[in-house]
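Computation of the quantities below employed the complete heavy-atom set of this structure, encompassing side-chain atoms and omitting hydrogens, waters and symmetry-equivalent molecules. Ligands are counted one by one from 1 in listed order, and the atoms in each one are counted from 1 as well. This chain uses plain numbering: 1 for the first residue, then up along the sequence.
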Amino acid sequence: MVLIMAFACLFYMQSCKPKTAESAATGDASKSYVAPGKYDEFYNIVSGGFNGQVSVYGIPSGRLFRIIPVFSQSPENGYGFSEETKPMLNTSHGFVPWDDQHHIALSETKGEHDGRWAFANANNTPRLARIDLTTFRTAEILEIPNSAGNHASPFITENSEYVVAATRFSVPLDDQNGDVPINSYKENFKGSISFVSVDPNSGAMNIAFQIRTPGVNFDLSRAGKGKSHGWFFFSCYNSEKANTLLEVNASQKDKDFVMAVNWKKAEEYLKAGKAKKQSVKYAHNVYDEKTHTASSTMRNEVFVLDPADCPDMLYLIPCPKSPHGTDVDPTGEYIVASGKLAASIPVFSYTKIQKAIADKAFDGEYDGIPVIKYEAALHGEVVKPGLGPLHTEFDGKGNGYTSMFVSSEIVKWDISTLQVLDRVPTYYSIGHLSIPGGPTAKPHGKYMIAYNKITKDRYLPTGPELTQSAQLYDISGEKMKLLLDFPTTGEPHYAEAIPASMLMDKQKKIYKIEENAHPYASKGEGMTKVERKGNQVHVWMTAIRSHLTPDNIEGVKVGDEVYFHVTNLEQDWDVPHGFAIKGANNAEILIMPGETQTLKWVADRVGIFPFYCTDFCSALHQEMSGYLRVSPVNSNVALLFSTGTNKPAVSSTE
Ligand code: RUQ
Ligand code: CUA
């Protein structure tokens, strides 16, 4: 054995050097290598943080496939800029073109990924979005009333019955006078948890009910599953109800709480008419795949359950030191709570929680809600796991993996014995981590991805702002192994990963032109035209390799609002056309095969304005262009349009 080792050392010198990060990574590079023309094993759907978008990477390669615009305008494809998609970003505060996106939840059936939708949160102006995983486009956005800082969301129940959102900041309720002294926090500020139902066929979201809670701050949470299906576990901090210098004042108490919500019970109370109707204002935005157009509707009421009217619906479990995340293991029995400042990780037992409730093993109340005795709910603690535990994912083989922000590492531990089994460094300051299927009842395992907060010295420097980054680990063996660093776009927070086989065969390739129900669609070049309605000029335009119809437009006058309704006539996969015109001060648009999109453009001066296709679509892409003539306000140039024919010349000074 010694001989073999010595031989191996001689042969592979670097594998016997002390394990630096570099050697660990290069040693396993082949495991993350996806050869040209080969597909990745997983889609990794990653939050974009302050870019308000969601991005999609391949695992194990770390290659970036797509940036899905969700809560921010996208210059890449005109989302939020085109007339059709602007309503997606409408809110009760008006048009909000940029938000902060932190968490992802993939739809589930029986606790397992079903590959239908991804849900995403907007943190700042509280909203939930649903992304269709056949188009990788945002299908729906729902604003959340009575919320401020929609950080604790979205979390999904076992059959996607609900996506759930809890408020980060407690505030006075939307229908109350909010003009109160900030130091009246304890009297006037309330928390809120929203249960948003998901239509099992269409995916349509609707706020089924809200639960009014004490004025704590909510953080990451999980639905129960398996035996704990019907329950929800929210981490909460600031049980001190501090309203200033939270870094000190919200860390006074030794323990905050995990709030256990019996949502099946809440449903019963709702049915029994216990909820009160509250008038509020929130936007509901839906993208219609047939008209290729979004609509925004303002809604004005929610149903609210008050725990005072609903006994046995809420319980609190003490949890050390400002918990940031609560995670439920694949069996649904163990609830792992991570206190940002705690020196251990408490693991609660669902069975024990139920017994404690039955035995009334309570330690008094907090705002009228029973507090279960810590020891009565506890399965045990992971002792000395590292510093700053944040989030835990599972491999389905009985192990938990917890990210440690302060000590920059991931710790693997055994759920039943609570023994630490392994630890690996992350570079640096890991926030979330993701194991494919990690939050489900059936993790796919194999890999683990770390999403880091600091990258200093890992990549070529790019001025004051460095790239954001993720790291890929192999978790198929007993020891975790670092395979790859890959940069990400935006700040990655939470992410989920799903097997490629669940999504790749059901991708939408084109929109059928005959199904295009856009009111300004031109389903053939013969339908193109230009029409004036007052100072609005509507251009019914088509795009097909390699010309735009019409490509000569005259008779537009200074001050006119010109609407280019461009229909892409292609019926082939991967042949979008773009449209841009000089001076456009919103954006360009990108139109998928069979789709119609509209760019609004205002004629601000006399002259000739070229327009062209912005997507290199064919050998004659550079020829895919045209001209628009703008005449003075009082000119009598008639509206003319054509492609391939020269109309008789008209002078504007006649
Ligand atoms: S949080 S780093 Cu925005 Cu998800 Cu825990
Ligand atoms: Cu169409 Cu370039």
Novice: Report the angle formed at atom 5 (Cu) of ligand 1 by atom NE2 of His324 and atom NE2 of His391, rounding to the nearest 10°.
Specialist: 90°
Novice: Which atoms of the protein, restricted to N, O or S, are nearer than 2.8 Å to atom 3 (Cu) of ligand 1?
Specialist: His102 ND1, His151 NE2
Novice: Distance to the ring centre below 6.0 angstrom and angle to the axis at most 45 degrees; does that hold for Arg458 and Tyr427?
Specialist: yes
Novice: Are any non-hydrogen side-chain atoms of Gln507 and Phe136 less than 4.5 angstrom apart?
Specialist: yes
Novice: Measuring from Tyr43:OH to Leu133:CG, what's the distance to the nearest 0.5 Å?
Specialist: 9.0 Å
Novice: Going by an N to O cut-off under 4.0 Å, is there a salt bridge joining Asp254 and Lys321?
Specialist: yes
Novice: Mind listing the closest non-hydrogen atom pair of Tyr237 and Pro323 along with its distance?
Specialist: CD2-O, 4.1 Å
Novice: Could you check if a side-chain atom of Ile68 sits within less than 4.5 angstrom of a side-chain atom of Gln53, using non-hydrogen atoms only?
Specialist: no
